[in-house]
Amino acid sequence: MGITGMIYMVTMVFSLIVLILSSSAAKYDYLQFTQQYQPAACNSHPTPCKDPPDKLFTVHGLWPSNVNGPDPENCKVKPTPSQTIDTSLKPQLEIIWPNVFNRADHESFWQKQWDKHGTCGSPTIIDKNHYFETVIRMYITEKQNVSYILSKANINPDGRGRTRKDIEIAIRNSTNDKEPKLKCQKKKNGIIELVEVSLCSNYLGKNFINCPNKNPGSRYSCPTKDIHY
Ligand SMILES: *[C@@H]1O[C@H](CO)[C@@H](O)[C@H](O)[C@H]1NC(C)=O
Ligand SMILES: *[C@@H]1O[C@H](CO)[C@@H](O)[C@H](O)[C@H]1NC(C)=O
């Protein structure tokens, strides 16, 4: 084999390796930043919350998602030196991302969200600490706090029924007029309550986008009126 053949062979083998490595990275289309209304989350949980919930929307997770087909989960990541959560992040995470079902153990909730969702956020999410830093940036620095967004439109957690339109308009005002995703549930007494709100942004987590409605007519869809919050 001549030198040209050798170069050709090496190039082919190298390209193949790159192809294999890159195809093992899970793909996603957009990021879904989901926040849960604590009292409603407690109502939906099979066992009662150990501590009283706060009347706040706090983080459920940041989920790399696809417009069509299933969302990636439990992706393989290269081992990084930062396998433990930076202690400097914890005070803020405890406020914005509590484990409402068991406040004595926030860390297992964070770990589960990282394992299941955060690991699939490459290359936007660089590593584990960057996943948590990104959520802190969104919720605190960029004021994507849903309680705050709703309160700016005078929608406060007073248990009143609201129209879906009023809730959507209030949120659109803070998301560059992009549509959020709302999740509702029926309580035992038949009252429909707002349980989750997701804000969607592009792949890079930079610009808001309309949240794709993947399951129209799902049992979590919100009705047009009498949504209690
Ligand atoms: C989120 O917004 C609510 C309502 O304005 C506020 O009470 C809460 O302190 C905010 N949380 C953070 C971490 O800013
Ligand atoms: C939209 O936001 C602006 C600026 O924060 C505010 O003045 C206005 O009242 C808001 N409108 C609604 C419907 O929330």
Side-chain angles (χ1 to χ4, degrees), residues 31-45 49-63 85-114 117-118 121 125 128-185 193-201 205-208 211 222 227-229:
L31 289 174
Q32 186 174 313
F33 184 31
T34 301
Q35 295 171 41
Q36 57 187 0
Y37 183 54
Q38 293 190 13
C42 285
N43 287 339
S44 70
H45 202 244
C49 285
K50 289 189 178 156
D51 302 282
D54 293 320
K55 286 186 165 183
L56 283 176
F57 273 94
T58 45
V59 179
H60 184 171
L62 179 65
W63 304 335
I85 303 172
D86 200 329
T87 45
S88 69
L89 302 177
K90 288 183 187 174
Q92 282 177 309
L93 291 177
E94 282 166 14
I95 293 170
I96 69 169
W97 203 339
N99 178 359
V100 299
F101 308 124
N102 179 9
R103 285 168 203 269
D105 182 16
H106 300 305
E107 210 140 340
S108 66
F109 183 33
W110 303 336
Q111 181 68 40
K112 263 195 209 151
Q113 289 292 316
W114 159 251
H117 303 284
I125 302 299
K128 190 170 173 182
N129 279 318
H130 187 244
Y131 181 60
F132 297 109
E133 284 161 7
T134 303
V135 170
I136 290 171
R137 166 174 63 78
M138 289 176 153
Y139 191 100
I140 297 177
T141 318
E142 294 173 359
K143 298 197 167 66
Q144 296 185 29
N145 169 354
V146 169
S147 291
Y148 172 71
I149 289 173
L150 291 174
S151 76
K152 276 200 299 181
N154 283 318
I155 298 182
N156 296 300
D158 50 19
R160 275 168 54 193
R162 316 272 173 179
T163 65
R164 188 170 71 205
K165 197 157 184 211
D166 283 347
I167 295 170
E168 283 175 353
I169 288 172
I171 295 169
R172 278 173 174 271
N173 198 2
S174 296
T175 57
N176 203 14
D177 203 24
K178 299 298 186 234
E179 198 171 317
K181 182 174 151 191
L182 309 181
K183 183 171 152 183
C184 288
Q185 68 189 9
E193 60 180 355
L194 182 61
V195 57
E196 279 187 351
V197 171
S198 301
L199 311 179
C200 299
S201 58
K206 287 253 154 64
N207 298 309
F208 289 111
C211 286
C222 291
I227 300 173
H228 290 254
Y229 163 59

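Remember, it's 1-based here, ligands and their atoms both numbered in the order they're listed. We number each residue from 1, following the sequence as shown.
- In summary, of the residues considered (I171, I167, V146), a side chain to side chain contact (heavy atoms under 4.5 Å, CB included) with P180 occurs for I171 alone.
- Under 4.0 angstrom from ligand 1, the non-hydrogen atoms of Y139 all belong to its side chain.
- Using the six-membered ring where Trp is involved, Y229 and Y37 have ring planes that are perpendicular, over 60° apart on the 30 and 60° scheme.
- Ligand-side atoms of ligand 1 in range of N145: 1 (C), 2 (O), 3 (C), 8 (C), 10 (C), 11 (N), 12 (C), 14 (O), range being under 4.0 angstrom from any heavy atom.
- In this structure, atom 9 (O) of ligand 1 has no protein heavy-atom contact shorter than 4.0 Å.
- Closest to atom 7 (O) of ligand 1 among all protein heavy atoms lies L56 CD2, 4.0 Å.
- Remark: ligand 1 and S147 share no N or O pair separated by less than 3.5 Å (distance only, no angle test).
- Near I96, meaning under 4.0 Å from any of its heavy atoms, are these atoms of ligand 1: 13 (C).
- Residue pairs that meet the salt bridge (charged side-chain N to carboxylate O under 4.0 Å, His left out) test with at least one member in residues 33-43, sequence neighbours left out, do not exist here.
- In the vicinity of S151, heavy-atom distances shorter than 4.0 Å reach the ligand 1 atoms 5 (O).
- Shown are L62, T58, I95; of these, the side chain to side chain contact (heavy atoms under 4.5 Å, CB included) with Y139 is made only by T58.
- By the side chain to side chain contact (heavy atoms under 4.5 Å, CB included) test, T163 is found to be paired with K165, D166, K225, residues two or more places apart in sequence or in another chain being considered.
- Nearest protein heavy-atom neighbour of atom 5 (O) of ligand 1: Y148 CA, 3.6 Å.
- Judged by distance alone, with hydrogens and angles left aside, the side-chain atoms of T141 form no donor-acceptor pair with the main-chain N or O of M138 at under 3.5 Å.
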